[in-house]
Amino acid sequence: MLFARLAQVSQDVAATSARTRKIALLAELFRDASADDVPIVIPYLAGRLPQGRLGIGWRVIGDPVAPADRPRLTVRDVDAALSALKDVSGTGSQTRRKHLVAELMGAATADEQRFLVGLVTGEVRQGALDAVALEGLARATDTPSADVRRAVMLAGGLQPVARALLADGPGALDAFRLTVGRPVLPMLAHSAATVGDALDKLGACAVEEKLDGIRVQVHRDGDEVRVFTRTLDDITERLPEVVLAVREFAGERFILDGEVIALDGTGRPRAFQEVAGRVGSRVDVARAAEELPLSPVFFDVLYAETEEDGRAGGPDLLDLPYGERHAHLVRLVPEPMRVRRYVVEDGSAEEQRAAAERFFADTLARGHEGVVVKELPAPYGAGRRGASWLKVKPVHTLDLVVLAAEWGHGRRTGKLSNLHLGARRDDGSYAMLGKTFKGLTDVLLAWQTERLRELAVEDDGHVVTVRPELVVEIAYDGLQRSTRYPAGVTLRFARVVRYRDDKTAEQADTVDTVLAAHPHLLDAGTDT
DNA sequence: TTCCGACAGTGGGGTCGCAAT
DNA sequence: ATTGCGACCCCACTATCGGAA
């Protein structure tokens with residue numbers, strides 16, 4: 001396939017906001033694509049490169065090169081050129097890279113150059129990622145989109161499914177079955193404000209601990225155990241203690257869904273940052289495991305072979321109600337490695353609701369993040385952010401002062417978007433606690449742009465510094481330790497609730513009150 | 001006709017590990 | 001030795017389209 005074709009379709013897709021039109025355009029493209037084009041075309045359509053980032057930006061690719069007058073590059077030509085570019089590294093490679101870039105750009109038309117620059121700098125935005133591409137693929141191959149979606153969830157991505165469909169037609173989907181050793185996209189949760197709201201929506205459900213660690217999907221086939229993350233990265237080699245623990249479970253072949261966390265000497269969970277650091281450590285795993293052992297805790301099972309199979313409909317449990325899947329979990333996983341839960345029956349009486357609230361409070365008191373309320377009759381919605389799982393977390397708020405704001409990108413171009421948030425110090429100065437761009441409506445975005453411009457004292461083209469007068473109410477999930485910000489802490493998941501026109505900067509919250517609201521963090525900060 | 005689920009976009013902080021300086 | 005940067009971890013929220021109700 002010609003690269004120009006792809007560049008043209010990308011431009012057309014970006015130019016329309018109608019999803020149906022985007023799908024039709026992509027379907028046309030897929031009809032003309034060969035199976036071999038797929039591993040290149042799919043990432044390009046999503047604005048990604050199969051090679052990942054190339055380590056070059058405007059400095060290298062921004063130099064103008066006379067465009068070709070006729071398109072002749074194929075998508076595979078471009079892919080090969082970018083691979084070559086990625087391979088060139090080491091001292092004295094700069095001129096070689098520049099040469100390769102000039103060669104590629106010189107072979108591209110003006111339209112192709114624009115698309116290439118967008119790809120390399122990560123600025124392709126066309127309102128069509130995998131979901132729209134999936135629909136287009138279904139249309140192009142005359143396959144029901146629900147079938148394609150299920151295959152994608154089981155394959156862990158669109159690419160292998162697209163390749164199979166284009167090479168062999170709809171029949172190829174049969175090959176995508178739940179298989180031990182091949183990860184599937186995990187089910188995700190929506191949010192609810194309170195436990196009561198969640199119960200109102202769900203009926204019969206289980207209220208479970210929400211643990212603040214790293215999501216894991218664990219596959220076991222005899223002694224062979226593999227551990228995958230939420231994005232299906234294989235992290236088995238980094239978690240030896242999880243492998244050992246799972247080998248002791250009852251059952252030889254199964255797939256579990258859970259979380260790994262770290263516990264301190266008293267059984268309280270350690271900070272997320274510590275767990276993430278441990279899971280990210282690859283060099284000296286044995287030492288890292290000794291210093292911070294991880295505990296796997298499971299809440300679901302997707303596949304399990306049993307001795308008395310034959311009556312239950314096979315080992316694939318995805319379509320079983322959660323209540324029944326949990327019975328399998330109990331059979332496989334010993335109690336301390338299952339999340340704690342409280343079951344609420346349908347049409348629950350007041351006592352049960354009160355008990356669910358107490359479970360939530362107790363879970364927080366034990367140092368965990370919150371709860372997830374799960375509908376018991378619901379199947380496992382692989383890869384979906386299903387409405388049958390609702391997470392509930394406590395929300396804290398602060399009144400902070402806007403110290404500066406950054407010019408936005410994309411649809412926020414020309415708007416002051418990302419706010420720098422400060423808390424007062426005793427001496428009247430401000431300590432920056434972090435940034436946020438979340439929670440703003442278009443109306444509020446326009447308003448704050450105007451207002452902040454009035455307060456501006458400096459604009460370096462990226463950050464606009466303002467007089468510290470505007471007070472904004474910020475919601476956040478907690479504090480985490482920081483080496484970047486002066487108070488040694490930063491807000492986790494900060495978002496705007498509203499502007500406080502009724503408050504002056506002198507009435508905003510102070511660093512001391514912020515720290516006092518999170519005493520556990522101060523404890524953590526004192527040890528080594 | 002209205003409602004609501006699914007998506008895309010717009011970025012936040014931390015950590016690790018590698019390449020360049 | 002330091003620094004910059006990409007890749008992953010965690011993530012909230014709004015606007016929009018289009019099918020469901």
Side-chain angles (χ1 to χ4, degrees), chain A residues 13-14 16-23 46-49 51-57 86 89-94 122-135 145 149 188-191 210-216 229-233 235 238 259-261 271-285 288 369 381 383-388 391 393 395 406-413 415 417-421 433-445 474-485 489-497:
Chain A
V13 167
T16 176
S17 64
R19 293 170 57 89
T20 46
R21 178 79 189 124
K22 290 178 195 280
I23 290 167
R48 296 187 306 261
L49 298 175
Q51 294 86 357
R53 298 250 67 87
L54 297 177
I56 62 175
K86 173 117 184 168
S89 62
T91 49
S93 62
Q94 283 304 324
E123 281 170 12
V124 170
R125 286 179 182 83
Q126 56 200 5
L129 297 178
D130 280 0
V132 178
L134 186 152
E135 295 288 341
S145 59
R149 177 168 293 111
L188 305 173
H190 275 296
S191 293
K210 185 179 193 305
L211 307 176
D212 194 11
I214 305 290
R215 183 87 176 261
V216 288
T229 65
R230 194 161 91 86
T231 52
L232 312 190
D233 265 25
I235 54 168
R238 299 180 228 164
E259 192 95 0
V260 291
I261 56 171
F272 169 77
Q273 284 165 296
E274 297 183 57
V275 181
R278 165 63 212 283
V279 172
S281 298
R282 281 161 285 183
V283 173
D284 192 347
V285 169
E369 197 185 5
R384 317 206 62 137
R385 201 170 277 286
S388 57
K391 57 182 162 185
K393 295 188 284 186
V395 175
E406 297 173 13
W407 292 109
H409 299 90
R411 68 184 300 278
R412 290 191 175 192
T413 300
K415 297 284 192 297
S417 172
N418 201 3
L419 302 173
H420 294 198
L421 306 168
L433 290 181
K435 309 181 190 178
T436 186
F437 55 91
K438 296 175 196 168
L440 299 162
T441 61
D442 286 358
V443 171
L444 202 53
L445 195 63
I474 297 294
Y476 66 108
D477 277 23
L479 290 188
Q480 50 185 355
R481 280 201 262 173
S482 171
T483 55
R484 176 180 313 208
Y485 293 109
V489 295
T490 186
L491 305 179
R492 194 168 184 210
F493 310 142
R495 59 266 189 193
V496 171
V497 178

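Since we're looking at a predicted model, the values are computed, not measured. By convention in this document, chain letters (A, B, ...) are assigned in the order of the sequence lines, proteins followed by strands, and residues within each chain are numbered from 1.
Of the candidates B:dG17, B:dG14, C:dC17, B:dG17 carries the atom nearest the A:S281 side chain, counting heavy atoms from C-beta on. Listed nucleotides B:dG9, B:dC7, B:dG12 differ in distance to A:R149; the shortest reach to its side chain belongs to B:dC7. Looking at the side chain of A:I214, the nearest of the listed nucleotides B:dG9, C:dC10, B:dC7 is C:dC10. Between B:dG12, B:dC7, B:dT10, one nucleotide has an atom nearer to the side chain of A:R411 than all others, and that is B:dT10. The A:D233 side chain lies nearest to C:dC8 when the options are C:dC8, B:dG14, B:dT10. Of the candidates C:dC10, C:dG19, B:dA8, C:dG19 carries the atom nearest the A:T20 side chain, counting heavy atoms from C-beta on.
Look at A:H409 and you won't find any side-chain N or O under 4.0 angstrom from OP1 or OP2 of B:dG9. Distances shorter than 4.0 Å separate some side-chain N or O of A:S417 from OP1 or OP2 on B:dG11. Contact annotation: A:R481 side-chain N/O to B:dG14 OP1/OP2 distance is not under 4.0 Å. Contact annotation: A:K210 reaches the phosphate of C:dC11 (side-chain N/O to OP1 or OP2, under 4.0 Å). Within the 4.0 Å cut-off from OP1 or OP2 of C:dC13, at least one side-chain nitrogen or oxygen of A:R495 is found. Between A:Q480 and the phosphate of B:dG13, there is no side-chain N or O to OP1/OP2 separation shorter than 4.0 Å. At least one side-chain nitrogen or oxygen of A:N418 sits closer than 4.0 Å to the OP1 or OP2 atom of B:dG12. Side-chain N/O atoms of A:T231 include one lying less than 4.0 angstrom from OP1 or OP2 on C:dC9. Under 4.0 angstrom from either OP1 or OP2 of B:dG9 there lies no side-chain N or O belonging to A:K438. In terms of phosphate contacts, A:R484 brings a side-chain nitrogen or oxygen within less than 4.0 Å of OP1 or OP2 of B:dG13. Dashed line: the shortest gap from a side-chain N or O of A:T436 to OP1 or OP2 of C:dA12 is not under 4.0 Å.
Here A:T490 lies in heavy-atom contact (under 4.0 Å) with sugar-phosphate atoms only. Residue A:K435 is classed as a sugar-phosphate contact, given heavy-atom separations below 4.0 Å to backbone atoms only. A:K415 comes within 4.0 angstrom of nothing in the nucleic acid, heavy atoms only. Residue-level contact check: A:L440 touches the backbone only, with heavy atoms under 4.0 Å from sugar-phosphate atoms and none from bases. Within the nucleic acid shown, A:D477 has no heavy atom closer than 4.0 Å to any nucleic acid atom. Nucleic acid contact for A:D442: sugar-phosphate only, since backbone atoms but no base atoms lie under 4.0 Å from a heavy atom of the residue. Among the protein residues, A:V283 comes within range of the sugar-phosphate backbone only, with heavy atoms under 4.0 Å from sugar or phosphate atoms but none that close to a base. Residue A:A18 is classed as a sugar-phosphate contact, given heavy-atom separations below 4.0 Å to backbone atoms only.
Taking the charged nitrogens against the carboxylate oxygens, A:D212 and A:R492 do have a contact shorter than 4.0 Å, which makes a salt bridge. Using a 4.0 Å cut-off between charged nitrogen and carboxylate oxygen, A:D233 and A:R238 do not count as a salt-bridge pair. Salt bridge A:R149/A:D130: absent, no basic N to carboxylate O contact under 4.0 Å.
Checked against side chain to side chain donor-acceptor pair (under 3.5 Å), A:K210 has the following partners two or more places apart in sequence or in another chain: A:E369.
Heavy-atom nearest nucleotides on DNA chain C were determined for A:I235 and for A:T441, and the one closer to the 5' end corresponds to A:I235. Both A:Y485 and A:G410 lie close to DNA chain B; mapped to their nearest nucleotides by heavy-atom distance, the more 5′-ward contact belongs to A:G410. Positionally, the nearest nucleotide of DNA chain C for A:R282 lies more toward the 5' end than for the other of A:R282 and A:A494. Comparing A:F437 and A:D284, the nucleotide of DNA chain B nearest to each residue sits closer to the 5' end for A:F437.
Side-chain contact between A:L491 and A:L479 is present, with heavy atoms from C-beta onward closer than 4.5 Å. With contacts defined as side-chain heavy-atom distances shorter than 4.5 Å, the pair A:D477/A:K393 qualifies. With contacts defined as side-chain heavy-atom distances shorter than 4.5 Å, the pair A:Q480/A:T490 qualifies. Side-chain contact between A:R411 and A:D442 is present, with at least one heavy-atom pair separated by less than 4.5 Å.
If you measure from atom NE2 of A:H420 to atom C1' of B:dG12, you get 11 Å, rounded to the nearest angstrom. Between A:R278 atom CZ and B:dC16 atom P there is a gap of 12 Å when expressed in whole angstrom units. When the P atom of B:dG13 is taken as reference, atom CD1 of A:I474 falls 13 Å away, rounded to whole Å. C:dC11 atom P lies 7 Å from atom CZ of A:R492, rounded to whole Å. Protein atom CZ of A:R215 is 13 Å distant from nucleotide atom C1' of C:dC10, rounded to whole Å.
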Which atom pairs, one a donor and one an acceptor, fall under 3.5 Å between side chains of residues 433-441 of chain A and the rest of the protein, sequence neighbours left out?
from, atom 1, to, atom 2, distance (Å)
A:K435, NZ, A:E406, OE2, 2.8
A:T436, OG1, A:K438, N, 3.1
A:T436, OG1, A:A494, O, 2.7
A:T441, OG1, A:L444, N, 3.1

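End-to-end axis angle for the helix from B:dA8-C:dT14 to B:dT21-C:dA1, using five pairs per end and rounding to 10°, comes out at 20°.
Proximity of a side-chain donor or acceptor of A:Q273 to a complementary backbone N or O of A:R481 within less than 3.5 Å is detected.
Across all strands shown, C:dG19 forms a Watson-Crick or G-U wobble pair, both distances under 3.5 Å, with B:dC3.
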